[in-house]
Every structure is written in structure tokens, then in C-alpha cells.
2 protein chains.
Amino acid sequence: MFIEIRHLRSLQAISKSRSLADAAQQLHISQSALSHQIKVLENYFETPLFFRGRKPLKLTPAGERMVGLAENILPQIAHAEYELKRISGGELGRLHITIECHACFEWLMGTLGNYRKDWPDIEVDLRMGMSFDAISALAQGDIDLVISSDPITTDGICFEPLFPYEGRLVVDPEHALARKTFVQPSDLADQTLITYPVPRNKLDIFQHFLTPEGVEPKAVRHVELTAMILQLVASKRGVAVLPDWVLCESTISGQLCSLPLGAQGLHGMLYAAVRKSDTHLPFIQDFISLASLAVTTNGAPLSTGTQCTKIGG
Amino acid sequence: MFIEIRHLRSLQAISKSRSLADAAQQLHISQSALSHQIKVLENYFETPLFFRGRKPLKLTPAGERMVGLAENILPQIAHAEYELKRISGGELGRLHITIECHACFEWLMGTLGNYRKDWPDIEVDLRMGMSFDAISALAQGDIDLVISSDPITTDGICFEPLFPYEGRLVVDPEHALARKTFVQPSDLADQTLITYPVPRNKLDIFQHFLTPEGVEPKAVRHVELTAMILQLVASKRGVAVLPDWVLCESTISGQLCSLPLGAQGLHGMLYAAVRKSDTHLPFIQDFISLASLAVTTNGAPLSTGTQCTKIGG
DNA sequence: CTATAAACATGAATTCCTTTCATAATTATA
DNA sequence: TATAATTATGAAAGGAATTCATGTTTATAG
């Protein structure tokens with residue numbers, strides 16, 4: 001690899017000039033410098049690059065080959081430099097998101113739709129399948145943002161609060177628990193609990209409600225899709241705990257009841273985790289702004305006590 | 001334009017390495033040099049190119065963009081360098097040919113067919129339409145070889161002899177002149193002469209036969225294609241002067257007679273003109289060898305006195 | 001949690017290489 | 001043939017990348 005960028009620029013200038021001297025002037029270098037440059041190239045490749053002593057300067061086929069190279073390459077480099085400047089300016093970038101909580105899918109899709117309109121040059125993507133250790137994937141640069149409900153202090157990472165939520169028990173309207181004002185841990189001991197297929201320590205219902213009281217449900221069933229969970233509950237196959245934003249008119253058109261976990265309810269906060277080095281980027285900040293408004297704009301969550309909603313296909 | 005080739009090589013090495021130190025080793029430079037290089041890039045573009053302090057080194061999106069650039073560009077440069085070496089080695093090249101004499105088309109096509117087999121990587125082309133000043137086009141590098149019958153001393157150009165030829169008068173078998181052993185200039189004073197559409201000083205018949213004797217044909221008619229000239233002569237529309245290689249069995253299947261111009265015949269030599277700087281190139285030398293054998297291999301010329309041959313479509 | 005190792009950063013000095021300057025040689029044009 | 005224009009060349013200068021030596025930061029093990 002002998003050719004340098006400056007050689008390509010030189011050849012390009014020469015091909016557009018009547019003489020080496022003209023080309024040198026265009027390049028803002030001395031005629032001598034250009035002559036030396038060409039000599040070096042010609043010595044290395046053992047072939048002349050232009051015909052000497054012709055009034056309109058003419059390149060040899062070897063020279064033309066090199067100009068061809070220049071005209072392929074120089075624009076590519078110019079374009080890459082332009083894009084790198086845009087990347088540092090935050091106009092261009094990558095936003096690969098992972099969700100630690102499956103239910104976030106419900107509001108995230110709507111948010112991403114709006115976000116894409118604001119930031120057409122940001123490569124937005126939702127990466128499932130790395131939720132097992134999303135935060136370290138974030139720290140390592142595999143992804144750029146994690147939607148999470150438990151902030152852990154990892155250095156280089158910061159957790160921006162998005163909005164509070166309430167985890168509520170969902171049952172069918174004819175269920176025995178449907179008549180209660182709130183559920184106690186022991187109420188679930190004889191129930192089939194339907195959850196997302198994630199480790200128990202990632203589930204509020206175990207972490208902050210059942211496990212502290214030593215209660216174990218009769219059975220636990222793993223289902224991936226929220227809509228499927230709701231259908232299973234509606235058809236009396238079990239009960240589930242879902243965040244309030246899922247339980248709103250826009251996603252449910254059949255009959256379901258939801259009620260608080262414990263007298264105070266099971267409250268949490270949702271966060272967007274990003275690398276500290278990315279917090280200044282406008283397209284990151286704007287995503288966080290949009291996301292923090294997601295739930296109230298997509299549809300009001302169920303905030304009252306016992307309440308029935310519809311479910312459907 | 002800030003990026004240099006070495007930056008691209010560095011980024012590419014980094015992307016394939018576990019650490020800067022490893023990459024530096026691959027590049028045969030010190031770790032310090034690489035670190036400085038990256039710092040300069042990062043300062044210029046105002047964005048980090050890789051995540052620091054992660055065990056498996058990971059590039060940022062900006063870094064990835066630059067690797068993408070490298071992987072587009074480096075192979076292109078490598079390939080161009082390879083081709084330039086081949087150009088200087090005479091394996092790859094350009095052979096743009098111009099013919100000053102139209103009749104050369106007849107044997108040249110056959111020669112080029114064989115030549116292309118020997119030199120698949122030489123860009124062979126026949127450029128018509130610059131015959132008006134072919135030699136200076138050659139000197140200026142617009143073309144690479146001229147088939148010519150009059151060598152002029154131009155510096156930088158040399159004329160390699162190919163083969164001798166004889167210009168002969170072609171008439172139809174019932175023509176009055178067909179019975180003569182040879183023609184004299186005055187014999188043509190009452191004839192219609194069919195020639196290629198080129199200036200008279202490029203035509204042997206005028207330059208070396210008629211003009212010195214002050215003879216002017218009854219009429220001169222310009223026709224471009226050799227086959228058409230032969231047909232016109234056969235149908236008694238005039239007479240023509242053509243080099244002997246045209247008048248051989250392989251190109252003529254109808255009835256035509258040819259006879260010498262003057263008692264000694266009008267003899268000439270065909271040359272290949274090339275730039276002196278190209279004479280060493282094997283693909284030029286080989287073309288000249290092939291061309292010099294063209295006429296005797298394509299078909300024996302008419303060498304006997306008055307002779308009749310066939311003509312046809 | 002400290003120690004040790006590994007990886008990266010930094011400043012000064014060096015070395016390498018491009019460019020310039022001054023001028024020679026070559027080529028074109030009047 | 002003379003003059004102008006163009007390219008080539010050698011030595012010196014200038015700049016920039018690399019190295020060296022060392023400091024700082026981050027990971028891994030005991």
C-alpha cells in the first residue's frame with residue numbers, strides 16, 4: 001500500500017489542468033512539490049503517469065487509472081467525513097434500544113413511531129434477546145438505551161426516570177378476587193400466575209410482593225406476548241400482574257378486572273438507562289422526553305380501584 | 001479532507017483486535033503511535049472512536065463508520081496498485097489503433113482477432129475518425145499505434161516496418177486496360193477513378209503516379225468501403241487502385257482483373273507507428289509481429305501480372 | 001480491598017518525509 | 001534562434017508521525 005490520499009488529489013488536479021504548474025497552484029503546493037510527488041509515484045510503479053512536453057497535458061493510461069481511483073475514492077472519503085461530523089454533532093447516530101420489561105413493548109412502539117419522524121437520520125432499532133444482561137451490553141456499546149425498572153449503580157451508566165407505574169393484578173370479572181378492593185400475597189397461593197418468561201428477580205410481583213412474604217403461587221406459567229396473557233386471564237386460565245399502562249381502553253376491549261397489590265399498591269418507576277457519554281446527545285435527550293410522556297399520551301392508565309375493561313382480538 | 005490511508009488501516013486493525021496494543025503490533029507501529037493517531041482523529045471529528053476500558057475493545061458507531069470506509073476503500077486501492085504494477089509490467093494496457101489507409105481494415109480485423117486471444121488484458125480498440133492527423137494524436141497519447149504507409153520523422157515516434165505491398169489497378173475483366181501488361185499514367189486520363197474519401201496526398205496513386213506526370217483522371221469518386229469499391233469496379237462504374245492484400249481469393253470471389261502501375265509496379269511499405277517510449281512493451285512488440293505476418297497468413301496476395309479473380313457478396 | 005497486571009494516554013525527542021527554494025534542463029513558440 | 005513556459009533536480013527547511021519513557025486508568029486475582 002503505497003498510494004496516499006494526497007497522491008489521488010494530485011492526480012485529480014493534474015487531470016483537470018493544462019500543466020503541472022497549474023495543478024500545483026490548484027492544490028496550493030509548489031510546482032516542485034508536485035513534480036517530486038509524481039516522480040515518487042512513477043518510480044514506485046515504474047511507469048510514467050503523463051506525457052511530458054505536450055502542450056495540453058495528457059495522462060498515460062496508468063495516470064488515467066489513478067485518476068479513476070481518485071474519483072471513486074475521494075468522494076467516498078468526503079462523504080464519510082461529512083457523516084462523522086454529523087455523528088459528533090448529534091444529527092446522525094444510532095439508537096439501539098433493549099427493554100428489560102416485556103410489557104414496555106406496548107407503549108414503546110407508539111413512541112418509536114413518533115420519534116422516527118423527529119429523527120430521520122437516527123438508526124433506531126429495538127433489540128430483543130439481550131435482556132439477560134442489558135446494562136452491561138449498554139456499557140459495552142452493543143446497545144444504546146435500556147428501558148428498565150431497576151436502576152443499578154454501574155459507572156458510566158445513568159438512569160433517567162421516565163414515569164411511575166403501578167403493577168396491578170389482572171383477573172377475569174367472575175374471579176373470586178375480582179370483588180376485593182386489593183389483593184394480599186396469600187391470596188395468590190392457590191392461583192396460577194401467568195408471567196413473562198424472565199427470571200423471578202426481574203419480576204416485581206415476586207421481588208416486592210410474594211417472595212418477601214414467602215408465598216408461592218400454585219403454578220407459574222410463562223407467556224411471552226402481552227395480548228396472549230390477557231386472553232389467558234380472560235379465559236380463566238390464571239391471573240397475571242401487569243403494569244397499569246397495559247390496562248387501558250386502547251389495548252383492552254374485552255372484560256377484565258384489575259386491582260392493587262396490597263393496600264398501598266405496588267408502585268415502581270420506569271427508567272431509561274444510557275451511557276453517561278451519550279447524555280449530551282440531543283437525539284438521546286429527545287427520546288427520553290418522548291418516552292416520559294408515552295403513557296399519558298397513548299391512553300390514560302387505569303388509576304381507580306377495582307375496574308373492569310374489555311378484552312378482544 | 002483530513003483522513004489519511006494510515007488512519008483507515010489503523011481503524012481496520014483495531015476493529016479486528018482485542019486491544020489497541022494488539023492492533024499496533026499488527027500494524028508494526030508502537031502502541032503510542034496508534035494512541036496518538038486515534039487521539040488526533042477523535043479531536044478532529046469531536047467524537048470518540050472506541051469505548052475505553054472495555055475488555056474486548058469495542059468501536060463506537062463513529063468508529064464503525066470509519067471501519068466501513070476502510071473496508072470500501074482499502075481493497076480498491078490495493079486493486080488499483082496491482083493493476084498499475086501490471087500496467088508497468090506490460091501485462092495490462094491499452095492499444096488504441098488508428099489506420100491511415102482504409103484498405104488496412106481488411107487484414108487488420110483478422111490480426112486483431114488473434115491478438116486479443118494472446119492479450120486478454122489489453123484494451124484493444126480501433127479508432128476511426130482521427131486519421132486526419134493520426135501521428136500527432138499518437139504523439140499526444142490519444143492513440144497508441146498508427147498503421148501508416150508514409151513514415152515521417154517526428155520525434156518520440158518510431159515507424160516499425162510491417163510488410164511491403166504493391167498498389168495495383170483493379171478493373172473489370174472486359175475493360176480495355178485488362179489486356180495490358182501494366183498501366184501508364186496517361187491510361188487513366190479518361191477513366192473514372194474510385195478512391196477512399198481521403199486527401200490526395202494520402203493516396204499513392206496521386207502522390208507517386210498521376211500527379212508527378214500531371215495526369216488527372218476523367219472523374220474521381222469517393223467510396224468508403226472496400227467491398228463497395230470492388231463491386232463498383234466489377235459493375236464497370238470505374239477503376240480503382242488497391243493494395244495487393246485486398247486482391248486475394250479470400251476477399252474476392254467474383255471476376256476482377258488487377259495490373260501493375262507502371263512497368264515496375266507501384267511499391268510501398270506499411271508501417272506501425274508507435275511512441276518510442278512504448279517500444280519496449282511486449283504487447284506492442286507482439287502486435288507488430290502479428291501484423292507483419294498478417295497478409296501472408298490471411299491469404300496470399302496477387303503477385304503475378306495480369307490476373308483475374310472473382311468478386312461477390 | 002489492595003496488589004498486580006494490563007491497557008491506554010501523554011510529553012518530549014527523534015526520525016522520517018514532504019515541501020520549498022533556487023536553479024537547471026527541456027520543450028514550445030514567435 | 002531567442003524567449004517564454006514547463007518540468008526536473010538537489011539541498012535545505014519544515015512539519016508531522018513515530019518512538020521512548022513514563023504516567024494514568026482500568027481490570028483481575030489473591
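On a predicted model such as this, the values are computed, not experimentally measured, just so you know.
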Student: Provide the full list of salt bridge (charged side-chain N to carboxylate O under 4.0 Å, His left out) pairs with a residue in residues 4-13 of chain A, sequence neighbours left out, each pair given once.
Tutor: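 Matches after skipping sequence neighbours: none remain.
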
Student: What residues form a side chain to side chain donor-acceptor pair (under 3.5 Å) with B/S17, not counting sequence neighbours?
Tutor: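 B/Q26.
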
Student: Could you state the atom-to-atom distance from CD of B/Q25 to C1' of C/dA6 in whole Å?
Tutor: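 Nearest whole value for this atom pair: 14 Å.
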
Student: Using side chain to side chain donor-acceptor pair (under 3.5 Å) as the criterion, list what pairs up with B/N72, not counting sequence neighbours.
Tutor: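 Counting only residues at least two positions away or on another chain, B/N72 forms no side chain to side chain donor-acceptor pair (under 3.5 Å).
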
Student: Not counting sequence neighbours, list each pair that qualifies as a salt bridge (charged side-chain N to carboxylate O under 4.0 Å, His left out) and has a residue in residues 277-290 of chain A.
Tutor: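 Counting only pairs at least two positions apart or across chains, the salt bridge (charged side-chain N to carboxylate O under 4.0 Å, His left out) contacts touching residues 277-290 of chain A are A/R275-A/D278.
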
Student: Regarding A/E123 and A/H96, do their side chains bring together a donor and an acceptor under 3.5 Å, going by distance alone?
Tutor: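 Note: A/E123 and A/H96 side chains meet the donor-acceptor criterion.
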
Student: What is the distance, to the nearest angstrom, from the CD1 atom on B/I38 to the P atom on D/dA17?
Tutor: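 One finds 13 Å between P of D/dA17 and CD1 of B/I38, rounded.
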
Student: Identify, with sequence neighbours excluded, every residue that meets side chain to side chain donor-acceptor pair (under 3.5 Å) alongside A/Y115.
Tutor: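 Applying side chain to side chain donor-acceptor pair (under 3.5 Å) to A/Y115 gives none.
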
Student: Please give me every residue in residues 40-48 of chain B whose heavy atoms get under 4.0 Å of an atom in DNA chain C, ordered by residue number.
Tutor: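 Result for residues 40-48 of chain B: none.
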
Student: Give a yes or no on this: more than 12 heavy atoms of other residues, nucleotides or ligands lie within 6.0 Å of atom CD of B/Q25.
Tutor: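 Count not over threshold, so no.
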
Student: Below 4.0 angstrom from OP1 or OP2 of D/dT18, is there any side-chain N or O of B/Q37?
Tutor: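 The answer is yes; a side-chain N or O of B/Q37 sits under 4.0 Å from OP1 or OP2.
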
Student: For the pair made of NZ in B/K39 and C1' in D/dT18, what is the distance, rounded to whole Å?
Tutor: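 Answer to the nearest Å: 13 Å.
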
Student: Round to a whole Å and report the spacing from CD1 of B/I5 to P of C/dT18.
Tutor: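 Taking atom P of C/dT18 as the reference, CD1 of B/I5 is at 14 Å.
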
Student: Heavy-atom contacts under 4.0 Å between residues 9-23 of chain B and DNA chain D, which residues?
Tutor: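 Heavy-atom contacts with DNA chain D come from no residue of residues 9-23 of chain B; none.
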
Student: Listing time: all N or O pairs from protein to nucleotides 20-23 of chain C that are below 3.5 Å?
Tutor:
unit_1 : atom_1 : unit_2 : atom_2 : d
C/dT20 : OP2    : A/S30  : N      : 2.6
C/dT20 : OP2    : A/S30  : OG     : 2.7
C/dT20 : O4     : A/H36  : NE2    : 3.3
C/dC21 : N4     : A/S32  : OG     : 2.5

Student: Using atom CG of B/L57 as one end and atom P of C/dA6 as the other, report the distance to the nearest whole Å.
Tutor: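 In whole Å, C/dA6 P lies 17 Å from B/L57 CG.
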
Student: Output the distance between atom NE2 (B/H102) and atom CD1 (B/I147), rounded to the nearest 0.5 Å.
Tutor: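 Atom-to-atom, B/H102:NE2 and B/I147:CD1 are 13.5 Å apart.
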
Student: Enumerate the residue pairs fulfilling side-chain hydrogen bond (donor to acceptor under 3.5 Å, both in side chains) with a member in residues 58-69 of chain A, sequence neighbours excluded, ordered by first and then second residue.
Tutor: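 Every side-chain hydrogen bond (donor to acceptor under 3.5 Å, both in side chains) pair that includes a residue of residues 58-69 of chain A, provided the two are not neighbours, is A/K58-B/D142, A/R65-B/E83.
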
Student: Given C/dC8, D/dT18, C/dT18, identify the nucleotide with an atom nearest to the side chain of B/R6.
Tutor: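 Of the candidates, D/dT18 comes closest.
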
Student: Quick test: give all pairs of protein nitrogen or oxygen and nucleotides 26-30 of chain C nitrogen or oxygen below 3.5 Å, distance rounded to 0.1 Å.
Tutor:
unit_1 : atom_1 : unit_2 : atom_2 : d
C/dT27 : O3'    : A/G53  : O      : 3.3
C/dA28 : OP1    : A/G53  : O      : 2.4

Student: Go through the structure and list residues passing side chain to side chain donor-acceptor pair (under 3.5 Å) with B/H222, not counting sequence neighbours.
Tutor: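 By the side chain to side chain donor-acceptor pair (under 3.5 Å) rule, B/H222 matches B/T195.
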
Student: Does A/K85 count as lying over the ring of B/Y44, i.e. NZ or CZ under 6.0 Å from the six-ring centre, within 45 degrees of the axis?
Tutor: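 That pair qualifies as a cation-pi contact.
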
Student: Give every residue pair that meets the disulfide (SG to SG under 2.5 Å) criterion with at least one member in residues 73-102 of chain A, sequence neighbours excluded.
Tutor: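 Residue pairs passing disulfide (SG to SG under 2.5 Å), neighbours aside: A/C101-A/C104.
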
Student: Whole angstroms only, please: what is the CZ-P distance between A/F51 and D/dT7?
Tutor: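 After rounding, the reported distance stands at 14 Å.
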
Student: With a 3.5 Å distance limit and no angle check, can you tell me whether A/E81 reaches the backbone of B/F2 through a side-chain donor-acceptor pair?
Tutor: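 Confirmed, A/E81 side chain pairs with B/F2 backbone.
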
